[in-house]
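Note: hydrogens, waters and symmetry copies are ignored here, and every other heavy atom, side chains too, is used.
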Amino acid sequence: MAKVKNPHDKHHLTKRTLREWVFGYIFISPWLVGVSIFFLYAMVRSLIFSFNDLQLVGMVITPLKDGLFSNYSKVFATEINLPVVLAEFAISLVLQLPIIISFALIIALLLNSKIKGRSLFRLIFFLPVIIATGPVMDMLTAQGVASVPMVGTDAISSVLSNLPEFVAEPINDLFSSLILILWNAGIQILLFLAGLQKVSTTMYEAAKIDGANAWETFWKITLPNVRSIILLCSIYTVVTLATGGSNAVIQMIYDATYSATKGYSYGAAFSWIYTVVIIVILLLVFLLLREKSDRKVKYEESRGAREEQRKQQQAAKAARHHDKFMAKTERMAAKGERRKAK
């Protein structure tokens, strides 16, 4: 007898599902081809170059005589300022990431509300992503447009003078290029808008009926529903800041690659070391902002229920002890009364 397949089995693929998969892969095939040709191929080649010596004359790759990891050891031996530069980048990332994410979320909440001309405001906040790039951004930064005029950078520098240089420098850069940092929030605003528009309005209506105010609605409904978008925006922001032209590590890699004494293989090894650092940072961001799995949520809920049950049992036990003590006190008082009566 032939076995009947369960249509609700997750491993069972219907013709409609297969057709949707085919159309999906057709639509993303240009992106897959582009990534395979222009990204994965170049990535693998740079990894090969980092373990060898590349002669630019004729593009000849020769094995290194000093060992497989010779270029990597040269990077750590030559770039003595690398730990300080990486520490400055990490501190600036810790400072800029919450500002960009908070600013993007606030603007997205405002643009998602029912206001007149919100399409125009969305265009205004996204324009810096298109306009302020490359030489335009460098020119605006050189003219002081990226800084807030009301903020006195000299006063801030004097306050930070007692801190170590690798700590004071990122904080000073934060105030001197605050507008430039906020200009990097255009993509994040769009991502938050997409996430906010997927939140059901019935949830807000039910909360309003229950008497919840705007602050409680934000913390109980809006923020949990956009938590995955916060993770996505944080990863995008880290990658953007890590690969930006104003990043000192990127400039060091560029100078090493086109140096007459170091060369392309040295620069490739340098870039892979930096890539590993960024992967570690992204992993930390993911672990901090990831959504809890259903199993972990259920475990915490059951743990909370057990803790509540334990508290109730302790309260009941304390109530029983109190009742016994009161009953004993009443008996002793009654016994004393009887003695007085005799």
Quick one: does Ser265's side chain have a donor or acceptor within less than 3.5 Å of a partner on Phe49's backbone?
yes
Supply the atom-to-atom distance Asn225 CG to Arg227 CZ, rounded to the nearest 0.5 angstrom.
12.0 Å
Please report the closest heavy-atom contact between Val85 and Ala248, naming both atoms and the distance.
CG1-CB, 3.8 Å
Hydrophobic cluster membership, Leu93 vs Leu283, 4.5 Å side-chain cutoff
yes
Taking all heavy atoms of Tyr72 and all of Ala269, pick out the closest pair and write down the distance.
CE2-O, 3.6 Å
Aromatic rings Trp219 and Trp215: how do their planes relate, parallel, tilted or perpendicular, breaks at 30° and 60°?
perpendicular
Report yes if the distance between the aromatic ring centroids of Tyr258 and Tyr254 is under 6.0 Å, otherwise no.
yes
Is there a donor-acceptor pair closer than 3.5 Å between any side-chain N or O of Thr78 and the backbone N or O of Val75?
no
Side-chain (Ser29) to main-chain (Ile26) donor-acceptor, under 3.5 angstrom
yes
Under-4.0 Å salt bridge between Glu79 and Lys262
yes
The side chain to side chain contact (heavy atoms under 4.5 Å, CB included) partner of Leu289 among Ile101, Leu284, Leu231 is Leu231
Thr217 versus Tyr204, side-chain donor and acceptor atoms under 3.5 Å:
no
Modelled atom types, side-chain donor and acceptor of Tyr274 and Asn247, under 3.5 Å:
yes
Between the OG atom in Ser102 and the CD1 atom in Ile107, the distance rounded to the nearest 0.5 Å is 11.5 Å
Rounded distance (nearest 0.5 Å) linking atom CG of Leu109 with atom CZ of Phe192
8.5 Å
Got a donor-acceptor contact below 3.5 angstrom from the Asn71 side chain to the Ala268 backbone?
no
Can Lys74 and Phe270 be said to form a side-chain contact (heavy atoms from CB on, under 4.5 Å), step by step?
CA-CA 9 Å; Lys74 288 179 181 177; Phe270 198 169; over 6 Å; no
Verdict with supporting geometry, Tyr41 and Ser36, side-chain contact (heavy atoms from CB on, under 4.5 Å)
CA-CA 6 Å; Tyr41 175 76; Ser36 302; over 6 Å; no
Begin with the C-alpha distance, continue with both residues' side-chain angles, and end with the deciding distance and a verdict on side-chain contact (heavy atoms from CB on, under 4.5 Å) for Thr222 and Val199.
CA-CA 8 Å; Thr222 305; Val199 181; 5.9 Å; no
Shortest non-hydrogen contact between Ala207 and Ile221, atoms and distance:
CB-CD1, 3.6 Å
Heavy-atom pair of closest approach, residues Ala212 and Glu216:
CA-OE1, 3.3 Å
With a cut-off of 6.0 Å (strictly less than), are more than 12 heavy atoms of other residues, nucleotides or ligands near CD1 of Ile80?
no
Give, for atom CD1 of Ile187 and atom OH of Tyr236, the distance between the pair rounded to the nearest 0.5 Å.
4.5 Å
At what distance, to the nearest 0.5 angstrom, does CG of Leu191 lie from CD1 of Ile230?
12.0 Å
Show the nearest heavy-atom pair for residues Cys233 and Thr237, with the distance to one decimal.
O-OG1, 2.6 Å
Are Thr17 and Thr14 linked by a side-chain donor-acceptor pair shorter than 3.5 Å?
yes
Under the salt bridge (Lys or Arg N to Asp or Glu O under 4.0 Å) criterion, do Glu20 and Lys15 qualify, and how do the steps go?
CA-CA 9 Å; Glu20 290 176 352; Lys15 292 183 178 180; over 6 Å; no
Shortest non-hydrogen pair, Pro98 vs Val94, comes out as CD-O, 2.9 Å
Output, in order, the C-alpha distance, side-chain angles, deciding distance and verdict of side-chain contact (heavy atoms from CB on, under 4.5 Å) for Leu105 and Leu223.
CA-CA 10 Å; Leu105 180 56; Leu223 200 59; 4.2 Å; yes
Is any side-chain heavy atom of Leu282 closer than 4.5 Å to a side-chain heavy atom of Val239?
yes
Side-chain heavy atoms of Met43 within contact of Trp272, under 4.5 Å:
yes
Tell me whether Val44 is reachable from Phe39 by hopping between hydrophobic residues (I, L, V, M, F, W, Y) whose side-chain heavy atoms are closer than 4.5 Å.
no
Here the gap from Ile253 atom CD1 to Ile250 atom CD1, rounded to the nearest 0.5 Å, amounts to 5.0 Å
